[in-house]
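Read the structure below first, then the notes.
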Amino acid sequence: MEKIKMTTPLVEMDGDEMTRILWKMIKDNLLLPYIDLKTEYYDLGLENRNITNDQVTIDSANATKKYGVAVKCATITPNAARMSEYKLKEMWKSPNGTIRAMLDGTVFRSPIVVKGIEPCVKNWKKPITLARHAYGDVYKNTEMIIDKPGKAELVYTTEDGVEKRELIHEFSGAGIIQGMHNTDDSIESFARSCFNYALEIKQDLWFATKDTISKKYDHTFKDIFQEIYDKEYAEKFKEYGIEYFYTLIDDAVARVMKAEGGFIWACKNYDGDVMSDMVSSAFGSLAMMTSVLVSPEGYYEYEAAHGTVQRHYYKYLKGEETSTNSVATIFAWTGALRKRGELDGNIELIQFANKLEKATIDTIESGKMTKDLALITSISNPTVLNSEEFIKEIAKIL
């Protein structure tokens, strides 16, 4: 057959460990036989980030601004152990944090629902979409280790030299401090992205923080959301028959557990990171979650919501068999290809993305799946496939 042509490249961000291995398998078995794949390639593997002093991450984000659509493999955010393992020059920041800060926008994460994989929460009948703010907070923090008694203060100096000070803590011994920030502009973009997405998919929107404890930081998020909703979106929401409401994060968790699903839950950056893992695991698997960063400027970056599957990678290096779930990584590719097709008016590319997703779901629903799903499926006598076998089964159905 003649391969499907692309007019505009995707930005391709390669990653680390087991997901990097799956990345190549997906391209070789599911994409390259059918698509004349055009990508602008960036190697965001930790070794290359170290060699380039993380410039490759910045370059990949700028390329996303140029071309509009990116697809990203999972990457390592190094800790002290990784510093030694990879002999790093420094403890490089999260590539996702860097890219999200440069593109702004919001990360929307939603579980991939298949028959035979029932949610752990029995009353969840529809997907719950997590809307995660994609800038600031702990991901752009500054930290300091305190090694002796002293006073820690928060100091802000205006452009004309005026200082504002708040006491953080009087230390009588060792300890730690952390400084975080956000901006009104980014919070406003986050709010509008959430309201627009709710209107697009016609679902209720919840927003939750801890403003009772964080009376300035979290309260600012709450106030900005409410102001924008009242001024710009209240009438549209009423017209569409959907609801926006704010609640405390602990109340939201309690409500989510008793809900049926079918709504968007908007969270600050860290809350969204944690809660999306909770929701995806409860729906079946961390590898069964779509994730897309949507920027107010119209940039899209698709990725898997999970990590690099380090444990499986070490087994793979020893020549041992792994059964790693590649569904979320496949759906990162299909999401990016579909969006590229939509922006370019390329119907064939859109149809291909839809067919690849259907082939993936049909494979699982036929009883052929990776070990993580076989352990929780209600399908009788499932066939457990290793990492490569699973991708090759999808290729057969495709």
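- Note: Trp333 and Tyr302 fail the aromatic proximity criterion, with ring centroids not under 6.0 Å apart.
- For Glu90, the CD atom counts as densely surrounded, since its 6.0 Å shell holds more than 12 non-hydrogen atoms of other residues, nucleotides or ligands.
- Panel note: side chain Ser281, backbone Met278; no donor-acceptor pair is recorded below 3.5 Å.
- Annotation: Lys89, atom NZ; neighbour count of heavy atoms from other residues, nucleotides and ligands within 6.0 Å is above 12.
- The six-membered or imidazole ring of Tyr244 lies away from that of Tyr233, with a centre-to-centre distance of 6.0 Å or more.
- Taking the six-membered ring where tryptophan is involved, the planes of Phe171 and His169 are perpendicular, since the angle between them exceeds 60° and thus also 30°.
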Step by step, work out the side-chain hydrogen bond (donor to acceptor under 3.5 Å, both in side chains) result for Glu200 and Asn196. CA-CA 6 Å; Glu200 187 180 320; Asn196 288 335; over 6 Å; no
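- The salt bridge (charged side-chain N to carboxylate O under 4.0 Å, His left out) pairs that include a residue from residues 101-128 are Arg109-Glu303, where partners are two or more places apart or lie in different chains.
- A donor-acceptor pair shorter than 3.5 Å can be found between the side chains of His133 and Ser186.
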Trace of the ring-ring contact (aromatic ring centres under 6.0 Å, His included) decision for His181 with Tyr156: CA-CA 12 Å; His181 80 280; Tyr156 180 72; over 10 Å; no
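- Between the side chain of Asp344 and the main chain of Asn346, no donor-acceptor pair closer than 3.5 Å is present.
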For salt bridge (charged side-chain N to carboxylate O under 4.0 Å, His left out), just list the numbers for Lys93 and Glu143, CA-CA rounded to whole Å, side-chain angles, deciding distance to a tenth of an Å, and then say yes or no. CA-CA 13 Å; Lys93 294 198 178 237; Glu143 301 177 326; over 6 Å; no
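- Each salt bridge (charged side-chain N to carboxylate O under 4.0 Å, His left out) pair with one or both residues in residues 181-197, not counting sequence neighbours, appears once here: Arg192-Glu232.
- The neighbour count for Ile145 CD1, taken as heavy atoms of other residues, nucleotides or ligands under 6.0 Å away, does not exceed 12.
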Please report the C-alpha distance between Asp43 and Arg49 in whole Å, then the side-chain angles of each, then the deciding distance to 0.1 Å, and finally whether the salt bridge (charged side-chain N to carboxylate O under 4.0 Å, His left out) criterion is met. CA-CA 8 Å; Asp43 183 359; Arg49 279 183 274 145; over 6 Å; no
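- At distances below 3.5 Å, at least one donor-acceptor pair connects side-chain atoms of Ser387 with backbone N or O atoms of Thr324.
- Taking CD1 of Ile168 as the start and CE of Met144 as the end, the distance is 8.5 Å to the nearest 0.5 Å.
- Between Lys392 and Glu388 there is a salt bridge, since a side-chain N of the basic residue sits under 4.0 Å from a carboxylate O of the acidic one.
- Side chains of Met289 and Ile112 form no contact here, defined as non-hydrogen atoms less than 4.5 Å apart.
- Residue Lys355 places its NZ atom among 12 or fewer non-hydrogen atoms of other residues, nucleotides or ligands, all under 6.0 Å distant.
- Side chain of Trp206 to main chain of Val256: no donor-acceptor pair is present (N/O by atom type, distance under 3.5 Å, no hydrogens or angles).
- Scored by the side-chain contact (heavy atoms from CB on, under 4.5 Å) test, Val155 finds Glu153, Thr157, Glu163, Arg165 as partners (sequence neighbours excluded).
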What verdict does the side-chain contact (heavy atoms from CB on, under 4.5 Å) test give for Ile26 and Leu32, after you've listed the backbone C-alpha separation in whole Å, the side-chain angles of each residue and the deciding distance to 0.1 Å? CA-CA 9 Å; Ile26 290 164; Leu32 293 173; over 6 Å; no
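- Ser214 places no side-chain N or O within donor-acceptor distance of the main-chain N or O of Asp211, the cut-off being under 3.5 Å.
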Donor-acceptor contacts, no H, no angles, side chain residues 268-275, under 3.5 Å, sequence neighbours left out:
{"residue": "Lys268", "atom": "NZ", "partner": "Asp218", "partner atom": "OD1", "Å": "2.5"}
{"residue": "Asn269", "atom": "OD1", "partner": "Arg132", "partner atom": "NE", "Å": "2.9"}
{"residue": "Asn269", "atom": "OD1", "partner": "Arg132", "partner atom": "NH2", "Å": "3.0"}
{"residue": "Asn269", "atom": "ND2", "partner": "Gly136", "partner atom": "O", "Å": "3.1"}
{"residue": "Asp273", "atom": "OD2", "partner": "Tyr139", "partner atom": "OH", "Å": "2.4"}

Does Leu31 form a side-chain contact (heavy atoms from CB on, under 4.5 Å) with Leu337? I'd like the steps, not just the answer. CA-CA 10 Å; Leu31 305 179; Leu337 290 167; 3.9 Å; yes
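- Of all heavy-atom pairs between Ser193 and Phe108, the closest is O-CZ, 3.6 Å.
- Qualifying side-chain contact (heavy atoms from CB on, under 4.5 Å) partners for Lys66, counting only residues two or more places apart in sequence or in other chains: none.
- Taking every heavy atom of both residues into account, Glu17 and Tyr314 meet most closely at OE2-OH, 4.0 Å.
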Apply the test side-chain contact (heavy atoms from CB on, under 4.5 Å) to residues Tyr197 and Phe195: give CA-CA distance (whole Å), side-chain angles for both, the deciding distance (0.1 Å), then the verdict. CA-CA 6 Å; Tyr197 198 74; Phe195 292 131; over 6 Å; no
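- Remark: Asp36 CG is packed, more than 12 non-hydrogen atoms of other residues, nucleotides or ligands lying under 6.0 Å away.
- Side-chain rings of Tyr229 and Phe237 approach one another, their centers coming within less than 6.0 Å.
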Might you work through the salt bridge (charged side-chain N to carboxylate O under 4.0 Å, His left out) test for Asp16 and Arg20, ending with a clear yes or no? CA-CA 5 Å; Asp16 286 300; Arg20 188 182 182 97; 5.4 Å; no
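- No hydrogens or angles considered: nothing links the side chains of Thr363 and Glu393 as a donor-acceptor pair under 3.5 Å.
- Look at Glu170 and Lys151 and you find no salt bridge, because none of the NZ, NE, NH1 or NH2 atoms lies under 4.0 Å from a carboxylate O.
- Without hydrogens or angle criteria, Thr98 side chain to Ser94 main chain gives a donor-acceptor distance under 3.5 Å.
- Side-chain atoms of Ser323 come within 3.5 Å of backbone atoms of Leu385 as a donor-acceptor pair (strictly under, hydrogens ignored).
- Atom OH of Tyr217 is surrounded by more than 12 heavy atoms from other residues, nucleotides or ligands within 6.0 Å.
- A salt bridge is defined here as a Lys NZ or Arg NE, NH1 or NH2 lying under 4.0 Å from an Asp or Glu carboxylate O, and Lys238 with Glu235 fails to meet this definition.
- In this structure, Phe190 has its ring center closer than 6.0 angstrom to the ring center of Phe225.
- Of the listed residues (Lys27, Lys24, Lys72), just one forms a salt bridge (charged side-chain N to carboxylate O under 4.0 Å, His left out) with Glu12, and that residue is Lys27.
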Worked verdict on Glu301 versus Arg100 for salt bridge (charged side-chain N to carboxylate O under 4.0 Å, His left out): CA-CA 9 Å; Glu301 184 230 352; Arg100 288 167 192 158; 5.3 Å; no
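- Thr377 places no side-chain N or O within 3.5 Å of a backbone atom of Leu373 that could act as its donor or acceptor partner.
- Summarising the local packing, NZ of Lys222 is surrounded by more than 12 heavy atoms from other residues, nucleotides or ligands at distances under 6.0 Å.
- Ser295 places a side-chain N or O within donor-acceptor distance of the main-chain N or O of Glu297, the cut-off being under 3.5 Å.
- Listed by first then second residue, pairs satisfying ring pair (Phe, Tyr, Trp, His ring centres under 6.0 Å) with a partner in residues 24-77 read Tyr34-Phe352, not counting sequence neighbours.
- Without hydrogens or angle criteria, Ser280 side chain to Asp277 main chain gives a donor-acceptor distance under 3.5 Å.
- Thr209 and Tyr246 share a side-chain donor-acceptor pair at under 3.5 Å.
- Within 6.0 Å of atom CE in Met91, more than 12 heavy atoms from other residues, nucleotides or ligands are found, so the atom counts as buried in its surroundings.
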